[in-house]
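Since the structure comes first, as structure tokens, the remarks are kept for the end.
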Amino acid sequence: MKKLSLFFLIIFQFGFSQEEEITQKPIFSFDHGFSVYLNKQINFGDNFLSEAHKSVIGFGIQKNIINLYGFAIGAAYEFSVYKVTDKSVVGNIESANYSNFSARVTYDYEISNQITLNPFVGIGGTRLKHHKSPASGNNFGTFSGTSYNAGLYFAFNFTEKMHLFAGINYSYVSYGIKNAPEYDAFFNNSNQIQIHLGVGFF
């Protein structure tokens, strides 16, 4: 959490240091930015997702809503399927659906007319639904939690209305799973690095 707080402060400091640029922009405006991307999640640490699951490539969408002092405020949704790799940890199930809906704040730092850096932070809700088989619609247990995200995109403006981007995102999720005290840390949090590759529209 301290790392995320520090990252958040750096973004604001980074943004407000660009006084000349900000004064040329309106304080408030509607933001029509929209993006879609592929999402690869890499879990790590001593927790149930890292030890018993492996993600396949998922997808995400992001929509900006307003722009305030140069900061784009919007929402993002991400979905990914996990294959269970160790049934001794999570039981007799085959797969899990991971979904996350979050509010996100992004800042555009223009390196040149074609290259932009986009640091961002977000907070949202995560759900993990387990199934007996990948094609099964039967819910075999749902975990819910709160996610905290911080990341950075490298965007290339392909045209005036479209850009390609790649980036990396760190996500920490705190789940509300009831466990014996000795298993609380293992089942109640997850750490992951996400790699994004996508296209955005202005």
Side-chain angles (χ1 to χ4, degrees), residues 1-42 55 57-80 98-127 145-174 190-202:
M1 291 300 298
K2 290 183 179 179
K3 292 181 179 180
L4 288 177
S5 299
L6 179 60
F7 189 87
F8 187 78
L9 291 174
I10 290 174
I11 290 177
F12 274 91
Q13 183 179 2
F14 199 35
F16 283 105
S17 66
Q18 310 300 315
E19 295 180 1
E20 182 179 348
E21 179 183 353
I22 291 176
T23 55
Q24 297 175 357
K25 296 180 179 180
I27 294 175
F28 171 88
S29 63
F30 290 101
D31 194 318
H32 303 291
F34 175 78
S35 62
V36 294
Y37 53 90
L38 298 176
N39 179 12
K40 175 60 178 178
Q41 301 177 354
I42 304 171
S55 72
I57 295 178
F59 72 90
I61 58 175
Q62 178 184 349
K63 177 67 179 73
N64 294 335
I65 300 173
I66 63 172
N67 193 291
L68 187 63
Y69 287 102
F71 293 90
I73 302 173
Y77 174 78
E78 296 176 347
F79 178 86
S80 184
Y98 178 101
S99 60
N100 179 269
F101 183 82
S102 62
R104 186 177 290 185
V105 179
T106 306
Y107 183 76
D108 293 341
Y109 181 74
E110 295 183 359
I111 303 297
S112 68
N113 290 334
Q114 288 186 308
I115 300 174
T116 304
L117 293 181
N118 303 123
F120 65 89
V121 293
I123 182 172
T126 296
R127 298 189 71 184
T146 303
S147 64
Y148 305 89
N149 310 288
L152 179 67
Y153 287 156
F154 178 88
F156 177 79
N157 297 327
F158 193 69
T159 70
E160 291 184 357
K161 296 294 184 180
M162 184 180 73
H163 65 275
L164 305 177
F165 68 90
I168 190 168
N169 171 43
Y170 168 74
S171 178
Y172 170 80
V173 182
S174 175
S190 65
N191 296 278
Q192 62 183 220
I193 295 295
Q194 300 180 2
I195 300 173
H196 297 171
L197 179 64
V199 59
F201 305 91
F202 301 110

Practice task
Would you give the length of the straight line joining atom CD1 of Ile73 to atom CG of Asn64, rounded to the nearest 0.5 angstrom?
Solution key: 9.5 Å

Exercise for the section: Applying side chain to side chain contact (heavy atoms under 4.5 Å, CB included), run through Asn118 and Asp108 and close with a yes or a no. Expected result: CA-CA 5 Å; Asn118 303 123; Asp108 293 341; 2.5 Å; yes

Completion exercise
For Ser171 and Gln194 the tightest heavy-atom approach is CB-NE2, 3.9 Å

Handout entry: Partners passing ring pair (Phe, Tyr, Trp, His ring centres under 6.0 Å) against Tyr153 (at least two apart in sequence or in another chain)
Key = Phe120, Phe165, His196

Exercise for the section: Mind listing the closest non-hydrogen atom pair of Lys63 and Gly33 along with its distance? Expected result: CD-O, 3.4 Å

Handout entry: Nearest-0.5 Å distance that lies between atom CG in Leu38 and atom CD1 in Ile57
Key = 6.5 Å

Problem - Residues forming a side chain to side chain donor-acceptor pair (under 3.5 Å) with Thr126, sequence neighbours excluded - result: Asn100

Practice task
Check whether any side-chain N or O of Asn157 sits under 3.5 Å from a backbone N or O of Asn113 as a donor-acceptor pair, and report yes or no.
Solution key: yes

Completion exercise
CZ (Phe202) and NE2 (His163) are apart, to the nearest 0.5 Å, by 5.0 Å

Problem - Check against side chain to side chain contact (heavy atoms under 4.5 Å, CB included), Ile193 and Ile168 - result: CA-CA 7 Å; Ile193 295 295; Ile168 190 168; 3.6 Å; yes

Problem - Within-4.5 Å side-chain heavy-atom neighbours: Met162 and Phe201 - result: yes

Practice task
Would you mind reporting whether Leu164 and Val199 have side-chain heavy atoms less than 4.5 Å apart?
Solution key: yes

Handout entry: Sidechain-backbone polar pair: Ser102 side chain, Gly122 backbone, donor-acceptor under 3.5 Å
Key = no

Exercise for the section: Could you tell me the separation between the CZ atom of Phe34 and the CD1 atom of Ile61, rounded to the nearest 0.5 Å? Expected result: 5.5 Å

Handout entry: Exam field: side chain Lys40 to backbone Ser55, donor-acceptor pair closer than 3.5 Å
Key = yes

Practice task
Measure the spacing between CG of Asn67 and CD1 of Ile27 and express it to the nearest 0.5 Å.
Solution key: 11.5 Å

Problem - Glu78 and Tyr98 side chains, donor-acceptor separation under 3.5 Å - result: no

Completion exercise
Heavy-atom nearest pair, Ser147 first then Val173, reads CB-CG2, 3.9 Å

Exercise for the section: Would you indicate whether the side-chain heavy atoms of Phe59 and Asn39 approach each other to under 4.5 Å? Expected result: no

Practice task
Output all residues satisfying ring pair (Phe, Tyr, Trp, His ring centres under 6.0 Å) with Tyr77, sequence neighbours left out; order by chain, then residue number.
Solution key: none

Exercise for the section: Apply side chain to side chain contact (heavy atoms under 4.5 Å, CB included) to Asn191 and Tyr170, showing your working. Expected result: CA-CA 8 Å; Asn191 296 278; Tyr170 168 74; 2.6 Å; yes

Problem - Verdict with supporting geometry, Leu117 and Phe154, side chain to side chain contact (heavy atoms under 4.5 Å, CB included) - result: CA-CA 5 Å; Leu117 293 181; Phe154 178 88; 3.7 Å; yes

Practice task
Using a cut-off of 6.0 Å, state whether more than 12 heavy atoms not belonging to Phe30 lie near its atom CZ.
Solution key: no

Handout entry: Straight-line distance of Gln62 CD to Ser35 OG, nearest 0.5 Å
Key = 4.5 Å

